[in-house]
Amino acid sequence: MVPLSSEERFKNIEHNLTVIRQKIAFAARESGRKPEDVKLMAVTKTVEPIFINHAIECGIDLIGENKVQEFLSKKPYLKLDGCEAHLIGHLQTNKVRQIVSEVSMIQSVDSIKLAKEISKRSQALGITTECLIEVNIGDEESKTGLDLALLMNTIEEISVLPSVKIKGLMTIPPICDDDAQLSQYFYKMHEIFVDIKGKKIDNIDMSILSMGMSGDYEAAVRHGSNLVRVGSAIFGPRLY
Ligand SMILES: *Cc1c(COP(=O)(O)O)cnc(C)c1O
């Protein structure tokens, strides 16, 4: 296969963003919300800075990266004026120091130990770090994210840490070919989100429900997601 030229890739990114925005708007209306109530994140792992910058020029104001090292090495080349960056990949405690203050949110908090380290490092810098709690909605053995059984206790423990602020929940559902099954995971996540929001726990602001990726963002939005994380549908398949 002949690789695409940069020009062709720029055009594709522009086109893809237009289509994705239309689909999100449609799904948002279907679920009784306004298109602007759903945030589109461009997931930029493995994508080179020139293409990320092009997406930003096309109006992207939120990007997501998985790996601390990859993000920090690309960051000097990114035109992040008016664009936020979130960490969405699994974070090891020993990398917290490097990433706190470099991103505006960590979406992948899945243990009290990690939250404590984020709080400690944030406090040392005199900042508060916004976080999402990652939920293992499919209860998969191999998956990152908090098990449902531990969710409420962990959230309550994190809520009292001085320098982290919980802003909502994030999930990556199990891979499934069955749309009905997938919808059930999204449905359950939304239920949990609404349930925790209703508890009005001090220092918790349950406002973000981050779910939906390239293959399933429309379904996620129909089920109440208000932040979708879309990578390959914007930038094309990832080349590792
Ligand atoms: C890679 C990734 C995405 C985006 O995946 P696509 O299928 O390319 O849209 C979303 N969320 C997380 C946590 C990811 O690692």
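Indexing begins at 1, ligand by ligand and atom by atom, following the structure's order.
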For ligand 1, which atoms, with element, lie under 4.0 Å from some heavy atom of I172?
13 (C)

Flag the pair E117 and R121 as a salt bridge only when some basic side-chain nitrogen lies within less than 4.0 angstrom of an acidic carboxylate oxygen.
yes

Assess whether a salt bridge exists between K39 and E84, defined as any Lys/Arg side-chain N lying under 4.0 Å from an Asp/Glu carboxylate O.
no

Aromatic rings H223 and F186: how do their planes relate, parallel, tilted or perpendicular, breaks at 30° and 60°?
tilted

Those atoms of ligand 1 less than 4.0 Å from some heavy atom in G231:
4 (C), 6 (P), 8 (O), 9 (O)

Do any N/O atoms on I88 end up under 3.5 angstrom from N/O atoms on ligand 1?
no

Begin from the C-alpha positions of K199 and E156 and carry the test salt bridge (Lys or Arg N to Asp or Glu O under 4.0 Å) through to its verdict.
CA-CA 11 Å; K199 287 190 163 67; E156 277 166 12; over 6 Å; no

For S232, the ligand 1 atoms with a heavy-atom partner under 4.0 Å come out as 6 (P), 7 (O), 8 (O), 9 (O)

Any donor-acceptor pair under 3.5 Å from K143 side chain to I172 backbone
yes

Can you tell whether the side chains of E65 and K75 come within less than 4.0 Å, N to carboxylate O?
no

Using a 4.0 Å cut-off to any heavy atom of V230, which atoms of ligand 1 qualify?
9 (O)

Using a 4.0 Å cut-off to any heavy atom of R229, which atoms of ligand 1 qualify?
4 (C), 9 (O), 10 (C), 11 (N), 12 (C), 13 (C)

Can you find a non-hydrogen atom of Q107 under 4.0 Å from ligand 1?
no

